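Structure first, then comments.
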Number of protein chains: 2
Amino acid sequence: MQERRTNRERSEGTTATLISTARRLFVERGYADTGTPDLVMAAGVTRGALYHHFADKRALFRAVVVVESRVIAEAVERAAPGGDDPVADLIAGGEAYLDAMAEPGRSRLLLVEAPAVLGTAEAAAIDAEHAGRTLREGIEAALAAGAIRPLPPAALVTLLGATYDRAALAIAEGAPRSDCTAVLAAMLDGLRT
Amino acid sequence: MQERRTNRERSEGTTATLISTARRLFVERGYADTGTPDLVMAAGVTRGALYHHFADKRALFRAVVVVESRVIAEAVERAAPGGDDPVADLIAGGEAYLDAMAEPGRSRLLLVEAPAVLGTAEAAAIDAEHAGRTLREGIEAALAAGAIRPLPPAALVTLLGATYDRAALAIAEGAPRSDCTAVLAAMLDGLRT
DNA sequence: GAACAGACATACAGTCTGTATGTAAGCTGA
DNA sequence: TCAGCTTACATACAGACTGTATGTCTGTTC
């Protein structure tokens, strides 16, 4: 019953197991309260494997954040592929974002722990390649179409993104989603031409 | 030259020294990278003193967060004591908030580390007693005066607060303040009746 | 198939946190 | 005023964790 595997398969399998296990534990207990001994035990490997594939615990956490960010961005893009009404796309993308962020623990991982562990700069850079990118594209499209007021795009992306982020966190902590979306809609109104 | 001090004076002096030293080090290096040995060395006391006055490292951090929050809230209240134009007060308070948050490291401490270390619930509770309270009062006044649309107050406070928070962080990281305030003003416009 | 590289497993060193114990100084009632 | 008590520390210790160094075994390559 010895399963014979190529080296590449071994590596990919081990890293995938580590990342998925880390994702679960970091979500359940948080980064600081998840020790690498526990983590590798749950993954069925040893700390040697972890430190062979990742520079340190932080690098593993970063990998988890990248995977989660990618999942979010894909969900948003699926919901708002970019039609002829940019503001409607923004709203649809926002709803999809809140849906994707409803996955338990995800908002804490991406919005609370990631900036603290990786630093705001690195966390923002990861976001800018994924969910943040979809928001930026949506805003640029709306600006180009003249649908929203000519404001600095970078600040628009940052502040509108922050609003959606905190809405996701609030909903995860039990706030009524309809209340949040009502306020979000009003704020978006203010950006309209 | 033995200075004779009452026990109460000793305690107050030691805790004050610990808190101010911790504030400096947590701001400079962050919570996780500030060890208690370093901290007490810088404060000129021993770890025994620290653990005599605080339950654990987290409790000391919490004390720092409370002090900083209080400073912010006082600055905001000084700038917006509550006049007859609630929206103008909101804007003035927001400016004061951004000013107060410009103190280097403060935004990271309060907006990034506090939620990660204390948890979002406890960080939000502390905020709700200080800066968050001033915002809530401002919004309630504006709602009562009919100056802004009748939206759920809790969601308004949360999401508008989030926008100001992220603006403070962005400014601390070099974003042009005028860009941020322009977008903030537009979003506030959306809330107006 | 021999040399090499990759993928781990194990052992170790350093550091940190929280606790338990010891001590000196303030406080308090008779 | 002083014996007894309490507060405010200082010191010593135990447990845990992170990152590194070293050893081994399997796949790969020439």
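In what follows, chains carry the letters A, B, and so on, assigned in the order in which the sequence lines appear, proteins first and then strands, with residues in each chain numbered from 1. Computed from a predicted model, the values in this text were never measured in an experiment.
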Exercise. Report yes or no: do B:Leu18 and B:Val71 belong to one cluster of Ile/Leu/Val/Met/Phe/Trp/Tyr joined by side chain heavy-atom distances under 4.5 Å?
Key: no
Quiz item: In whole Å, what is the span from the CD atom of A:Glu9 to the P atom of C:dA7?
Solution: 12 Å
Quiz prompt | Heavy-atom donor-acceptor pair, A:Ser11 side chain to A:Arg8 backbone, under 3.5 Å | solution = no
Exercise. Return yes if some donor-acceptor pair links the side-chain N/O of A:Asp89 with the main-chain N/O of A:Gly83 below 3.5 Å, else return no.
Key: yes
Exercise. Go through the structure and list residues passing salt bridge (Lys or Arg N to Asp or Glu O under 4.0 Å) with B:Asp165, not counting sequence neighbours.
Key: A:Arg166
Quiz item: Is there a path from A:Phe26 to A:Tyr51 through hydrophobic residues (I, L, V, M, F, W, Y) whose side chains come within less than 4.5 Å of each other?
Solution: yes
Practice problem: Could you tell me the separation between the CG atom of A:Asp38 and the P atom of D:dG15, rounded to a whole number of Å? | Solution: 17 Å
Quiz item: Side chains of A:Thr193 and A:Arg149: is there a donor and an acceptor less than 3.5 Å apart?
Solution: no
Quiz prompt | B:Leu39 CG to C:dC16 C1', straight-line distance once rounded to whole Å | solution = 13 Å
Self-check item: Any A:Arg10 side-chain nitrogen or oxygen under 4.0 Å from OP1 or OP2 of D:dG27
Solution: no
Self-check item: Residue met sooner reading DNA chain D from 5', once B:Arg47 and B:Thr14 are mapped to nucleotides
Solution: B:Thr14
Practice problem: Report which part of the nucleic acid B:Thr46 touches: base, sugar-phosphate, or nothing (heavy-atom distance under 4.0 Å, all strands). | Solution: base
Quiz prompt | Whether A:Arg108 side chain and B:Thr120 backbone form a donor-acceptor pair below 3.5 Å | solution = no
Quiz item: At under 4.0 Å, does any side-chain N or O of A:Thr6 touch on OP1 or OP2 of D:dG27?
Solution: no
Self-check item: Residues A:Glu129 and A:Arg70 bridged, charged N to O under 4.0 Å
Solution: no
Quiz item: Within the structure, does a side-chain N or O atom of B:Thr36 lie under 4.0 Å from either OP1 or OP2 of C:dC16?
Solution: no
Exercise. Under 4.0 Å from any atom of DNA chain C, heavy atoms only: list the residues of residues 49-59 of chain A that qualify, in numerical order.
Key: A:Ala49, A:His52, A:His53
Quiz item: Nearest-Å distance, CZ (A:Arg8) to P (C:dC8)?
Solution: 14 Å
Practice problem: Check each residue of residues 19-33 of chain B for a non-hydrogen atom within less than 4.0 Å of any atom in DNA chain D, then write out the ones that pass by number, or none. | Solution: none
Quiz item: For B:Tyr31, is the NZ or CZ atom of B:Lys57 found under 6.0 angstrom from the centre of its six-membered ring and inside 45 degrees of the ring axis?
Solution: yes
